[in-house]
Number of protein chains: 2
Amino acid sequence: MLSKKTKYGLKALTYLASLETREPVQIAEIAKHENISQKFLESILLTLRRNGFLGSKKGKGGGYYLIKEPEDILMTAVMRVLEGPIAMVPCVSLNFYEKCADCPDENKCSVNKLMLQVRDSALEVYRNNTLADLIS
Amino acid sequence: MLSKKTKYGLKALTYLASLETREPVQIAEIAKHENISQKFLESILLTLRRNGFLGSKKGKGGGYYLIKEPEDILMTAVMRVLEGPIAMVPCVSLNFYEKCADCPDENKCSVNKLMLQVRDSALEVYRNNTLADLIS
DNA sequence: TATTACCCTATCGTTTTTGTAGATTTATAT
DNA sequence: ATATAAATCTACAAAAACGATAGGGTAATA
């Protein structure tokens with residue numbers, strides 16, 4: 001299941017990308033337009049800023065704005081920041097690898113074998129989509 | 001994240017498929033061989049039986065056994081029973097469809113657009129793998 | 001009578017999602 | 001300059017949902 005954090009984050013990014021301007025947009029406006037709990041969105045935008053996707057400006061006339069062109073924002077990067085690992089099990093994760101506690105031999109593990117394929121296919125989708133591709 | 005339920009279920013199925021015999025195998029043996037909590041496995045095997053993957057026999061010499069050939073057990077079916085929807089959001093699910101509470105128009109939703117592709121790519125993997133393919 | 005699957009329930013721990021309360025920064029009007 | 005209003009930032013906390021596991025009793029079968 002996709003977490004609401006990721007869902008809301010994606011929606012917020014898409015909304016910002018869809019605007020003509022790159023001037024700061026207030027949290028309240030984004031939250032209202034996308035039907036998102038404002039306080040929750042606040043923390044999501046914060047992590048997007050900390051990870052280099054958004055810039056922010058405090059005080060009156062402040063808000064959040066895209067820091068890169070939508071064409072340059074890959075879904076692999078967005079998903080990893082918001083949702084975490086793309087792989088469904090740590091033992092096939094590229095960026096968050098961990099050995100399974102059970103499972104004596106990864107190469108003979110059926111779960112590993114299947115989830116490796118799933119990871120690769122998901123990865124291909126995320127690599128082929130930038131933020132610009134999600135705007136209709 | 002893949003639930004342990006699914007992980008354990010897949011391992012149990014693979015173990016049964018890897019055996020020469022189709023005679024009943026006790027829960028304890030499966031649990032021990034795959035390093036799984038026996039009590040947890042118990043409930044997993046039960047749902048696999050209720051969904052037509054396994055047969056069972058009570059009493060001495062009882063246990064669980066495969067009811068179909070490994071070649072005829074598709075991962076799409078196994079995943080849907082153990083993990084639930086293959087889609088990451090209900091609004092792109094084939095078997096568990098649900099409209100999003102927010103989101104006025106699915107066709108214009110960026111999350112929908114992306115997750116539709118992810119679903120299709122995962123589906124292709126699951127369709128191309130039977131239980132027989134997971135045995136090494 | 002022993003063995004094994006079946007079934008129900010309770011519990012513990014973690015993660016997700018949301019809410020509360022304030023502190024800090026900035027633009028603007030007076 | 002000063003006050004005011006408008007924002008983001010920070011830190012908790014709590015509630016809700018979910019995942020994983022354990023315990024104990026029942027029913028079927030050799």
Side-chain angles (χ1 to χ4, degrees), chain A residues 1-12 16 23-32 34-51 53-67 81-85 88-90 96 98 100-102 111, chain B residues 1-12 16 23-32 34-51 53-67 81-85 88-90 96 98 100-102 111:
Chain A
M1 264 297 168
L2 197 74
S3 68
K4 295 205 173 178
K5 180 181 174 186
T6 304
K7 187 183 177 187
Y8 294 165
L10 279 173
K11 284 194 167 193
L16 289 177
E23 294 296 304
V25 181
Q26 301 157 26
I27 300 176
E29 180 184 333
I30 307 174
K32 195 174 180 185
E34 300 295 333
N35 292 310
I36 301 175
S37 145
Q38 176 167 342
K39 246 342 195 174
F40 192 24
L41 179 61
E42 200 175 307
S43 73
I44 297 168
L45 294 177
L46 209 51
T47 73
L48 285 174
R49 194 212 56 173
R50 290 194 176 121
N51 285 277
F53 295 100
L54 298 178
S56 69
K57 197 183 167 191
K58 286 188 181 178
K60 195 170 187 178
Y64 284 95
Y65 50 91
L66 277 186
I67 222 172
V81 162
L82 292 175
E83 189 74 5
M88 293 182 80
V89 280
F96 302 82
E98 247 177 274
C100 288
D102 52 313
V111 177
Chain B
M1 264 295 170
L2 196 75
S3 68
K4 296 209 171 177
K5 180 181 174 187
T6 304
K7 186 183 177 186
Y8 294 166
L10 279 173
K11 284 194 167 195
L16 289 177
E23 294 297 304
V25 181
Q26 299 159 27
I27 299 176
E29 179 184 332
I30 307 174
K32 196 173 180 186
E34 300 295 333
N35 293 311
I36 301 174
S37 146
Q38 176 166 343
K39 231 21 184 146
F40 192 22
L41 181 60
E42 192 178 310
S43 72
I44 297 168
L45 295 177
L46 205 51
T47 71
L48 285 173
R49 195 214 56 173
R50 289 194 178 122
N51 285 277
F53 295 100
L54 298 177
S56 68
K57 198 181 167 190
K58 289 184 181 177
K60 192 171 188 177
Y64 284 97
Y65 50 91
L66 277 186
I67 224 173
V81 162
L82 291 176
E83 190 74 5
M88 293 182 81
V89 278
F96 302 82
E98 244 177 278
C100 290
D102 52 314
V111 178

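Proteins get letters first, then strands, A, B, ... in listed order; numbering begins at 1 in each. Being a predicted model, the structure only gives us computed values, none of them experimental.
- Contact between the side-chain N/O atoms of A:R49 and the OP1/OP2 oxygens of D:dC9 is found at a separation under 4.0 Å.
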Candidate pair A:K7 and B:C100, rule side chain to side chain contact (heavy atoms under 4.5 Å, CB included), full reasoning: CA-CA 11 Å; A:K7 187 183 177 187; B:C100 290; 3.5 Å; yes

A:K39 and A:E42: CA distance, side-chain angles, deciding distance, salt bridge (charged side-chain N to carboxylate O under 4.0 Å, His left out) verdict: CA-CA 5 Å; A:K39 246 342 195 174; A:E42 200 175 307; 3.1 Å; yes

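- Rounded to whole angstrom, the span from the NZ atom of A:K5 across to the P atom of C:dT16 amounts to 8 Å.
- Going from atom CG of B:L82 over to atom C1' of D:dG19 covers 14 Å, rounded to whole Å.
- Between the side chain of A:K39 and the base of D:dT10, at least one donor-acceptor pair of N or O atoms lies under 3.5 Å.
- Distance check: A:S56 OG to A:I27 CD1 gives 9.0 Å after rounding to the nearest 0.5 Å.
- Note on A:K57: a side-chain N or O is less than 4.0 Å away from OP1 or OP2 of C:dA27.
- Out of C:dA5, D:dC9, D:dA20, the shortest distance to the side chain of A:S56 is found at D:dC9.
- The separation between A:E42 atom CD and D:dA7 atom P is 13 Å, rounded to whole Å.
- Distance A:K7 NZ to C:dT16 P: 16 Å, rounded to the nearest Å.
- Applying the 4.0 Å criterion to OP1 and OP2 of C:dT17, one finds that A:S37 has every side-chain N and O outside that range.
- For B:K60, whose side chain is taken as the heavy atoms from C-beta onward, the closest listed nucleotide among D:dA30, D:dC9, C:dA27 is D:dA30.
- Separating the CG atom in B:L54 from the CD1 atom in B:I44 is a distance of 11.5 Å, to the nearest 0.5 Å.
- Contact annotation: A:R50 does not reach the phosphate of D:dT8 (side-chain N/O to OP1 or OP2, under 4.0 Å).
- Across all strands, B:L45 comes closer than 4.0 Å to no nucleic acid atom at all (heavy-atom distances).
- Mapping A:K4 and B:L46 onto DNA chain C by nearest heavy atom places B:L46 closer to the 5' end of the strand.
- A:Y64 has its OH atom 7 Å from the C1' atom of D:dC9, to the nearest Å.
- Rounded to an integer number of Å, the gap from B:Y65 OH to C:dT4 P is 16 Å.
- Following rounding to the nearest Å, A:K58 (NZ) and C:dG22 (C1') show an atom-to-atom distance of 13 Å.
- Counting heavy atoms from C-beta on, the side chains of A:Y8 and A:L45 never come closer than 4.5 Å.
- Between the P atom of C:dT26 and the CD1 atom of A:I27 lies a distance of 16 Å, rounded to the nearest Å.
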